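In what follows, every heavy atom counts, from backbone to side chain, and hydrogens, waters and symmetry copies are set aside. Computed from a predicted model, the values in this text were never measured in an experiment.
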Amino acid sequence: MHERLLPASPNWYCSRSSDTNAKGIFGFGAKNTIYLISITASSPAVVGELNGHKEKVSGFAFCHHPGEENLCASTSDDGTVKIWDINEKVALKDHKTHQSTITALHWSPVEKDLVVSGDEKGIVVCYWRNRDDTQTFFPEPRNIFCLSCSPHNGNYIAVGYKDGMIVVIDISKKNEVVHRLRGHDDEIHALAWCPRPDEEALYSRPEENPEATNGVTEGHDKGCYLASGSKDQTVRIWSTARGKGVMTLKLPFLKRRGAGVDPSVKERLWLTVHWPAGKPTHVVSSCFGGELILWDLAKSGKQKWSLLGTSSDSQNHSRIVFNVSSVRLGQDQELLISTSMDREIKCWDLSSLECCWTLPTLGGFVYSLAFSPVGTGCLALGVGDNMIRVWDTLSIHNKYDTKTFWQGIKSKVTALSWHPKKEGSLAFGTDDGKVGIYEAYSNKPPQISSTYHRKTVYTLAWGPLVPPLSFGSGDKPPFSLYSCAGEGVIFQHDPWNLAGEATDIDKVVRDTNNIKHKLSPHTDLCWKPDGKVLAIGNEDGSIEVFQAPSLKLLCSIQQHHKIINVLRWHHEHGSQPELGYLLASGSSSAVVYVHDLRGVIESPPETPPVITEAYRSLAGHTAKITSLAWSPHHDGRLATVCYDGTAQVWDVPKEEALSNYRGHRGRLLCVQWSPVDPDVVWTGGDDFTAQEWRVSKQEHTKPPRGKKSIELEKKRASQQKSKAKKKKKASGKAGVKVEETESPNGEENRVGSPAGPEEELSNNEEEEEETKETSSTPPPSAWSKEPTWQIDRAVPEKVQNGGKTFSFAKKETKEDKRREKQEIPMKKRKARSILPLSTSMDHRSKEEQQQDCLTLATIRHSKTVPAQCVPGSGENIQLGLFADRTALYRMFQEEGESHIEGGHYDSAVYLLLWKGDIAGALKMATEKGELTDHLVSIAPMAGYQVWSKTVEAFVKQLCFQEQYLKAASYLLSLHKVYEAIDLLKSQQLYREAIALAKARLQPDDPVLKGLYTMWAAVLEKDGHYSNAAKCYLAADCAFDAAKVIAKKGDVASLKTAARLASIAGENDLSHSLCLRCAKELMSDHDWLGAEEVLRMQESLLVHRILHCTNELLVVRLSETNVIITRGCPPTHSWARPHGDSFLNTVRDVWQTEFGVSANDLDKIRTLHQQLKAIDNPAATPNIPINQLVFHVSQDVTLGVLSWLLGEWGAGLEEILGAVARCKGAGNFSLMSETCRLLFPKGMESISEYKTKLEPTDEKGLAAAQSLEAFVCYLQLYELWWTSSCSAVSGTQNGSRVALQSDGVTEGQNTSTDHGSDSQKTESGVKEEVYAGFCRCILSEPHAKFQATQAAGAEIQLRVASLVQKHSQAKESAASPGEGQTNAAASGQDAACAKDVAAADPGQGNVTESLPSLVAKVSEFHKELSESPEHIKKYSFPDVIECCLILLYLDRNSTLIPEQLRSEALDLLRKYGTTSSQRKACQRFLS
């Protein structure tokens, strides 16, 4: 389905996750998918993929037995081993024997049905697919890293372990270990057997390892050499005959090659080895930094290695290599395929040791695609692996010529934009809000803007300067860089001074348009190609169109009701200049709307209108739209991509789905049309791929519906579920798995914006070091001395705003009960003494206590104190209680120190308090975090300063304990009201913060308003729109309150928002919301509800009369089943049909119900101007019937208003517009019933209007002529059907009676006289038919104009067909080789032209060239431009169609006069030029 594809990156840290079969098919695991690539020496080609695993593919191997190269095996972290058929792309068998993570896989080269796998617990599973049987082995209780089956002995398997051990087992003998090979002291990354059997004397020099000997000892069985690569930086060659090493190869330290490496990223070593089949004396291994080394095992000397890719630095990998495999193409060419951490797959020629080609791969979501407008075919890709790729898609020698940029990015690249004039200048935006500019053709690091966004950058665009950059004179850059990000801000960056501060364009918008209310957050922007108009999409679904450079608002589009994801203007170089005003938009709803803004751009109205009707609506996708792209080669052709996983191409003018691409395996995020090939489109998605595909080669035309769309949704859900599932910690080999979190589109979640589902980097994003694996830093909570239950108890305060504290309160109650149970036994014990040291002295012996009495008596009654006796200290501490105060203080000192050492700070504090050292007690409690309410309450005794500091310290302690409400209350005691409010606000306790602010601050304090708006933003984001509206109202932001209530989009919300805006005086907003609500009600035919809403605004009178006309029209059309209404919708009493004509009923109801009559001409003129300003798109065949009837009602309303003004000609023009709209939609029934209602007397009704026209009113007369033609056209069909029915009945008289009663126009006053003879009746009918049709329908000027239009359209189709066949022939001619001569190419061009000419037999066999066809188109356009103005402007029935009906009538009856018949034949001969017309005319002209 695709032409070219950049696949996802091969998985990292797997011993064998890629392999190559004998037919040159290379397979590798990427994420949970296996990609298949066809390998040649010149280029690769992605030929398919295998899908079935739910988690990362950890192993992949082909079957190498002749005739079974189409079979392969794979393992995954989901625990399965699968057998695949790559031709059918299906899984044949699988097993789930392993209970642990599978780490190794190999398909036995000898036993064609044997697949061997190993896991991290040391289990080896042998699976025989022919008998669907498994056998397990447990040779060592170690973590298996790799394994390899012997190519010479089907029972031997070598297994490598994490600790460096290698064992060779014999599976024919249960748990038989043939050899344990010890020598490595770290992880075994790869094992490779020598392709040559037996251990011949290949190595002539003595063994470096003294324990091993070279050659085979006598008496031993001949074995086979085995190579191993280990993390210990050595490659070892082992003899499996003797079970010893025969050679040790140490990796050389090479100078780092290439500059495509981030020096800040540390890499661990991965040493893979491969033994090429065509070189039994050579082994290939990886090295430290991505180099590949070819070891010559038979070479003597120190340097036995050769480096691959020595001719150029760019040939080598820039990061470590994980897997290597080889394939022999022919007898003398062997190709080596390598995969690396640098996300490149390289092919090497082992004979020349040079790189043949490089295939880049992608390690993240493809967020953005951008073709350079200057460098043709240069495609930039913004990827979630923190890199930008620039791909020369037109390169002849290398189809995947790609350059990678990583410097200065360090985050996912979410937006790209090329400079429109400066070659190679590429702007980028990232997930972390960074904006920068790269020079793609230099090696300089990027320039980074000093102004960062706070959230993901959605869109970048180059455009003309707006204030303040546009002010002043001097040397200014012609373009500014604009960036839009997730916080809703658009910055204007000066590309010449990115170090300067960027400006927010919202200030210019506010100043220019005098806007006082809060602007809706912006989500996308797009400049019109001429740089004169800017379109901005908003989070609320609105689109605003501004005129540059002042950014004056031209109009607002209220079509989407969800966040705008993408906007795109149509290009301006098409053959139809009017299409250059088309603006396509996509949102989080599934419909793409296209608006024609020609009117508001060419003639800007004084008051910016609100547009609610789309030019075209493209419905078919089933999820949010993420990107759009107009074809630069076609007029009105649009490509769209969506979360439903498909890309869709539309013909916008026809509202037709042309092609649907389903090649991606996930959601699509970006799309670009090829700048050189009109049939090629590029898409990127969250499946880590960028794909090139042809529109003409897709089998589907529309997005999947029904079951298929449900299956796609299930598939995506299962993928997200598997990604979200917590992975087991990887083994030491895999390091730490890193996952990227993604969310392509915004707060709601916007497209292309990282904030939603997980983007799992299958490649273990950047190298994980051992420090990550063994990180032992405890979380901050680990150092806290607070009991964990205190933190739990504080949690409810954080969620009080949400009102969901019940569950937490319940949890707290349980915790309290548990603690109470624990404390019950404590209460029965004696309280712990505050003086434990002195108390303990009371438990000494009786003699010692008596000695204390003597010592105390001596102290109190003798002037001499015993030697070494200090009362209250040391051994005499107990005496401090009985001696003087000084001794007591010494006792307090020692007791306090003991309490502190034991962690009993409260007791130490009490002692200080008893001592009277209040300041000291407070200081100690502050330092130890043991302040309490009691201590704070006594702090004033130490003075104001001490109390103030104590309260501040207690506030910090309470915050640490998450008791924020209590902390705020203590701040109030210090009169720190603002600090208390800030504290509550910082913890998102907005309700409490507002309550405090309203209680303590002045009503006009800006802090209060800030709190309301901040809380409103949080509530709005969480979907609590009503509460958010209350906040906005309290902050005097009524505009924002109405907007947020309307955000839900249902009728009740819209009605409430409209009333709120009306009460608050926001009339413009109320006007817009009322219209939107009325539109929703009217779509359900709820006329009463719509009228109630519209009555709220006096300015909506024009919409009330429009809805009145629509209701009257729908009620009458539903009686004839032209419109099918659901149930019996209630209608107004005046809408019920009665005897008066439709137009008279409209005028009467207007006058009685709305006060609109001809007496107030100023009022009618105002209504006419307001209604005329509403521009409806042209009708298309697939327009919904309700929308079509509403547009017809608008035309009728305009016509009646014009007649009330006395402008009869203008009224007829509007009525003609209604009839022509039905014709354009191809709805014959609606056109017929509309004419019947508008002209109940047929031609006579139109004649009455013509009498009121001024003789000089040429436009009115021309419109009347067209209306007469349409009436006659409808009556002609009625005559034909009546005649056909009469012919079936078989009676000619019946035919004549039917003709006289139904076929003749009502304005001809034909009466039936049963007494007259039949010949006279027939003659009268003939005369009247002739008179009516010659005058109205058979108009030669109109026939000529229509024939010219049809011929021009047919020539344009032939031109398009010629171009397409030419491109296909050129492509097919170039595919066999590049040696095609110019003569051969010219011959193919001529053959294509002949094919085009032969496709239209009416054009003869003359070969027409493209220039001649283009010249014909120009002639037709010139001829059309010279036609009379009224013929070009006013719609008219198809004259040739009418001639054919007349001739069919002539065959079934004799009522058509000969003169009328001959005139119809003449018109057919002259103007029936198209192939379909000629085919229909053959039976009459032959």
Side-chain angles (χ1 to χ4, degrees), residues 7-21 24-31 33-37 39 44 50 56-62 64 72-77 102-107 117-118 144-149 158 160 187-193 227-231 235 267-277 283-294 308-309 316-327 334-348 350 355 358-361 363 733-735 762-764 767:
S9 298
N11 294 333
W12 296 351
Y13 300 109
C14 300
S15 62
R16 191 195 309 272
S17 65
S18 65
D19 197 6
T20 313
N21 70 6
I25 300 297
F26 173 69
F28 65 90
K31 296 174 54 186
T33 303
I34 300 165
Y35 287 92
L36 303 173
I37 299 178
I39 301 298
L50 306 177
K56 187 187 83 170
V57 174
S58 58
F60 178 80
F62 273 110
H64 291 278
C72 61
S74 65
T75 61
S76 168
D77 286 352
I102 305 173
T103 54
L105 173 74
H106 196 204
W107 195 307
S117 53
I144 295 177
F145 250 54
C146 59
L147 59 81
S148 181
C149 300
E187 303 165 357
I188 306 298
H189 291 159
L191 295 169
W193 294 86
S228 61
S230 170
K231 190 180 177 181
V235 176
E267 297 178 359
R268 53 186 282 185
L269 172 67
W270 188 270
L271 207 170
T272 186
V273 294
H274 175 71
W275 212 314
V283 171
V284 177
S285 78
S286 59
C287 199
F288 293 102
E291 303 89 351
L292 288 176
I293 294 175
L294 182 66
L308 275 69
N316 288 274
H317 287 290
S318 58
R319 305 284 291 277
I320 56 176
V321 175
F322 291 113
N323 293 146
V324 176
S325 60
S326 63
V327 58
E334 186 167 5
L335 300 180
L336 188 77
I337 313 298
S338 58
T339 64
S340 165
M341 186 184 276
D342 63 6
R343 306 190 190 281
E344 290 183 340
I345 299 172
K346 289 182 178 288
C347 177
W348 308 83
L350 281 180
C355 182
T358 300
L359 175 65
T361 62
K733 163 179 74 170
S762 60
N763 307 332
N764 303 342
E767 168 58 28

Treating [X] as the side-chain partner and [Y] as the backbone partner, does any N or O pair qualify as donor plus acceptor under 3.5 Å?
{"X": "N316", "Y": "L292", "value": "no"}
{"X": "S340", "Y": "I320", "value": "yes"}
{"X": "S230", "Y": "I188", "value": "no"}
{"X": "N21", "Y": "F62", "value": "no"}
{"X": "D342", "Y": "H317", "value": "no"}
{"X": "R343", "Y": "A8", "value": "no"}
{"X": "H189", "Y": "G229", "value": "no"}

For a side chain to side chain contact (heavy atoms under 4.5 Å, CB included) check, start with the C-alpha distance between F288 and L269, then their side-chain angles and the critical distance, and finish with the verdict.
CA-CA 6 Å; F288 293 102; L269 172 67; 4.1 Å; yes

Taking the side chain as everything from C-beta on, heavy atoms only, tell me whether [X] gets closer than 4.5 Å to [Y].
{"X": "P7", "Y": "L359", "value": "yes"}
{"X": "L294", "Y": "L308", "value": "yes"}
{"X": "V324", "Y": "I337", "value": "no"}
{"X": "R16", "Y": "H106", "value": "yes"}
{"X": "T339", "Y": "E344", "value": "no"}
{"X": "I345", "Y": "T358", "value": "no"}

Which pair of non-hydrogen atoms, one from [X] and one from [Y], has the smallest distance, and what is that distance?
{"X": "T20", "Y": "S325", "result": "OG1-OG, 2.8 Å"}
{"X": "I37", "Y": "P44", "result": "CG2-CB, 3.7 Å"}
{"X": "L36", "Y": "G27", "result": "CD2-CA, 4.1 Å"}
{"X": "W275", "Y": "W193", "result": "CB-O, 3.5 Å"}

[X] [atom1] to [Y] [atom2] distance, which is reported to the nearest 0.5 Å:
{"X": "L336", "Y": "L350", "atom1": "CG", "atom2": "CG", "value": "5.0 Å"}
{"X": "S74", "Y": "I102", "atom1": "OG", "atom2": "CD1", "value": "9.0 Å"}
{"X": "C146", "Y": "E187", "atom1": "SG", "atom2": "CD", "value": "10.5 Å"}
{"X": "T33", "Y": "L50", "atom1": "OG1", "atom2": "CG", "value": "9.0 Å"}
{"X": "S228", "Y": "F145", "atom1": "OG", "atom2": "CZ", "value": "14.0 Å"}

Mind checking what makes side chain to side chain contact (heavy atoms under 4.5 Å, CB included) contact with [X], not counting sequence neighbours?
{"X": "S17", "answer": "C14, N323"}
{"X": "P360", "answer": "L6, Y400, T402"}
{"X": "A190", "answer": "T272, V273"}

Worked verdict on L271 versus V235 for side chain to side chain contact (heavy atoms under 4.5 Å, CB included)
CA-CA 8 Å; L271 207 170; V235 176; 3.5 Å; yes

Quick one: ring-ring contact (aromatic ring centres under 6.0 Å, His included) partners of F28, sequence neighbours excluded?
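Result, ring-ring contact (aromatic ring centres under 6.0 Å, His included) vs F28: F26, Y35.
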
With sequence neighbours excluded, residues passing side-chain hydrogen bond (donor to acceptor under 3.5 Å, both in side chains) with [X]:
{"X": "S326", "answer": "H274, E334"}
{"X": "S18", "answer": "none"}
{"X": "T361", "answer": "S9"}
{"X": "W107", "answer": "none"}

Would you kindly say whether S338 and W348 are connected by a side-chain donor-acceptor distance under 3.5 Å?
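Per modelled atom types, S338 and W348 side chains form a pair under 3.5 Å.
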
Stepwise, does the side-chain hydrogen bond (donor to acceptor under 3.5 Å, both in side chains) test hold for S76 with S58?
CA-CA 5 Å; S76 168; S58 58; 6.0 Å; no

